[in-house]
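Reading through the structure tokens given below for one structure.
So you know, we letter chains A, B, ... as the sequences are listed, proteins then strands, and number each from 1.
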2 protein chains.
Amino acid sequence: MTDLIKRLDRAFNPKTVAVVGDKRAMGYMWLNCMSTFGGKVYSVQVDPDEIPGIEAMGVPNYKSVLEIPGEIDYVLCAVPRPVAPRIIADCVRKKVGAVALFTSGFAETETEEGIATQEQITQLAREGDLLLIGPNCMGVYNRRRGVRHSPDQPAGDAGSVGFISQSGTHCINFSLVGAVQGVKCSKTVSFGNAVILDAPDYLDYLAEDAETEVIAMYIEGVKDGRRFLGSLRRAARRKPVVVWKGGLTRAGARAVYSHTASLATAPAVWDAAMRQAGAVQTDSLDETIDAVKALVYARPTTGARMGLIAMTGGQSVVITDSFEREGLEVPLLTAASYEKLSGFFNIIGGSYRNPLDAGGTIGMGFLPGNLQKLFDILEEDGNVDAVAMEVGASFIARRLRQNPALLDSMVDILAAHRERSAKPFIAICHPGHVEDVMADIRSRLVERGIAVFGGFEAGARALRRAIGYWRFRAGLD
Amino acid sequence: MTDLIKRLDRAFNPKTVAVVGDKRAMGYMWLNCMSTFGGKVYSVQVDPDEIPGIEAMGVPNYKSVLEIPGEIDYVLCAVPRPVAPRIIADCVRKKVGAVALFTSGFAETETEEGIATQEQITQLAREGDLLLIGPNCMGVYNRRRGVRHSPDQPAGDAGSVGFISQSGTHCINFSLVGAVQGVKCSKTVSFGNAVILDAPDYLDYLAEDAETEVIAMYIEGVKDGRRFLGSLRRAARRKPVVVWKGGLTRAGARAVYSHTASLATAPAVWDAAMRQAGAVQTDSLDETIDAVKALVYARPTTGARMGLIAMTGGQSVVITDSFEREGLEVPLLTAASYEKLSGFFNIIGGSYRNPLDAGGTIGMGFLPGNLQKLFDILEEDGNVDAVAMEVGASFIARRLRQNPALLDSMVDILAAHRERSAKPFIAICHPGHVEDVMADIRSRLVERGIAVFGGFEAGARALRRAIGYWRFRAGLD
């Protein structure tokens, strides 16, 4: 473990936190974020109108970082821009573990003052050997320790997915939307303009972090391409790294400059570099979360031959098109499978050549014995590498929820299959017209460790990306 | 109006309906579907165990179609396969307006008996000049008249979107999922194996139907390509036609054969034919609904230069990438616009080059005056053809719902802009981690006639497709 990684480990796992500049007008957002933090929290605020409100929250307030007793592992600084240099200087003198600078209005504004102030704080941090996260960022989130950058984020238990983001919004959304879908974050960081600490530092850290099994990132620009790709390559050899690049289009490049003053990369160059490094590429928040789900919850496979189960003929066609369009195969099954299927499969309004149009056979989930038989047949079938199933077609979802015993039995069979099977299994739950019911069914499956996707294409794309990573790891592509 | 279209008009707008073969084990699904029908409903059921249950619903039951007094405009037949030929023969003798045969197990099973029975009913219908819809289908849905094929479908008011589908699931899902998102169906038909009436017949009918403004369809196979393309071309010259083709992949082609015994078309041939006919092509239910929303609710435009508004820097980048990736442009604004924007736009944590990173300027929707200014500037800007806006970022959605007055004012401004603007306007509401809150905000916007999409890519793709259609209509592509 390098010295820098040790220092980052202190910042990501703080025992003491100071929030500088929180106030009523922000709804005490930052102090609320720390309400789940098990360690000691201090506030720094000089405005006499603000101090009583902060103290009423039970947080001791000081006029300066320097006045806080003892060591400070992590400082979140939300002061107005002109005050930022003074706080940075204080943090240097206090030798704090790290500072995340929420304050924005620097180089990304393309104004003289913004650029000059950014240079000033960069120099202060560099000369003072200060770990500076940002500016123009949301800092770190450690789910286990309850250090958060959104009061909505879950806290207290462990997670396994790290996220590194040049955008605060995407960083927060990844953890919040991911949480709904079963993605538990270990540690995330929003790092904005990256004047001192940059993506490679966080990558190196999360690559070594034992509780982080999958790394995802949102990146707008790379300052030192060689260094970034080196870190990425090393990380991807140890664990999956999903990279979502913003600003790959022409106008998108203009937008990233306005956002984090990042310079764009040519799309073809970026794509080639990512492939070589073994990164999994995505284009949106949803795709990133989906790819992570497939990597975390579906067993690794290097084969791409799908066994598909849908509940009606129309959905059987569409699930098949979706997986083939993503480059996965939907092969014929073995003769042995067809012999077994012919013994019990209901072909009136159904078929079993693969896809399995199985609504009439498993009674929309109400005949768990037959569903189990289908799983067993696909498990033994040598032509099938992975299984995807449409779960809870919207027109039966209500009936499933009205009859909790049936839903329980379906969830149990899916969870047991997922547990026992050597092949990846994913479920597709389209929200349909009963979004609340389907959200309920989804969360039941998610709790049992099943990768659930909101549509066929989304599931196919995510699984294709996961398979691509496992093939890279196996030296196959 | 041809004779066939007049006859189809009778079937789609029946005054009398007979349901043949409904039963308790199906939850009286078909009679429940007709509970919203304003005309006269009859049942035909011979099983003495089933008749009391049907009569208890207040539906008069007969032993045969022939015994029903008066004319029957539409028959829904759900009998077991071996009984189907007898019912078809009775319907011929009764001279009913049309029969939809829900019964399945015909050619799509690839069994001798299935194929023979399909031939038998086809011959009976052809010789008897009977309008046969299906078999292996769900028949028609007329929202206004309350003739339904799912008890969940809305009824009583008028709609403007027709749907023609070879799959019952997709037909029902289109109406149900569409209804949640503001798509109101006029008339839809699920037509399964299409032994007598086929896609071109329904297309011809909906092309002439005055209340149908947009037609969408899910199609698995075309029997007479020349006739289909002729109907499609004629329809697309009058109103937008969105075509979702199932089975364009290799295994998908196998699946459509198992589903509706349809033969596949080579993807490149299909694509060329669709372009030539001026059809809007889609690949999934969600894409089809999205394209329809853009065609129904966003003003027609042949220009593709976007003005984009997002609430944070990260989202500004991603909305821009999404629209450019779909082939739309995100141009710089005019000098006049920049001058106006520089007067009030907050560039600390924001920017206005286009995209407009406007969270700090419109206060996440809480400063309606500034939002109005942005709309006015984009309206006047000669570089902008259409406007897309991120609405209700998930982290402020709860606050918006907690403060109904703020939400009201935001909805009012958006609705007024949409009403007044000569340019298409679309809203993007990602469900985020507060799916119920966002569903609520979405339905508020949908009620006001705004096209709302669940993600940036989805919105961009839908608008690109709509623009493509309007360019076709203008003779530009």
What is the minimum heavy-atom distance between B/A255 and A/P355, and which atoms define it? CB-CG, 3.7 Å
Side-chain donor-acceptor pair under 3.5 Å between A/E457 and B/S284, yes or no? yes
Show your working on side chain to side chain contact (heavy atoms under 4.5 Å, CB included) between B/H170 and A/V318 and close with a plain yes or no. CA-CA 10 Å; B/H170 299 328; A/V318 178; 3.1 Å; yes
Taking B/R254 as the fixed residue, which of A/V317, A/V330, A/T320 is the one that meets the side chain to side chain contact (heavy atoms under 4.5 Å, CB included) rule? A/V330
Against chain B, label A/Q166 side chain, backbone, both or neither, depending on which of its atoms sit under 4.5 Å from a heavy atom there. neither
Salt bridge (charged side-chain N to carboxylate O under 4.0 Å, His left out) partners of residues 315-325 of chain A, not counting sequence neighbours, each pair once: A/E324-B/R250, A/R325-B/D283
Using heavy-atom distances under 4.5 Å, tell me whether B/P151 contacts chain A through its side chain, its backbone, both, or neither. neither
B/F174: which residues meet the ring pair (Phe, Tyr, Trp, His ring centres under 6.0 Å) condition with it, sequence neighbours left out? B/F163
Heavy-atom proximity to chain B below 4.5 Å, by part of A/S351: side chain
Assess, by modelled atom type and distance only, whether the side chains of B/H433 and A/N173 contain a donor and an acceptor separated by less than 3.5 Å. no
What part of B/E220 gets closer than 4.5 Å to chain A, counting heavy atoms only: side chain, backbone, both or neither? side chain
Please classify the contact of A/L332 with chain B as side chain, backbone, both or neither, using a heavy-atom distance under 4.5 Å. both
For A/F323, is it the side chain, the backbone, both or neither that has a heavy atom under 4.5 Å from a heavy atom of chain B? neither
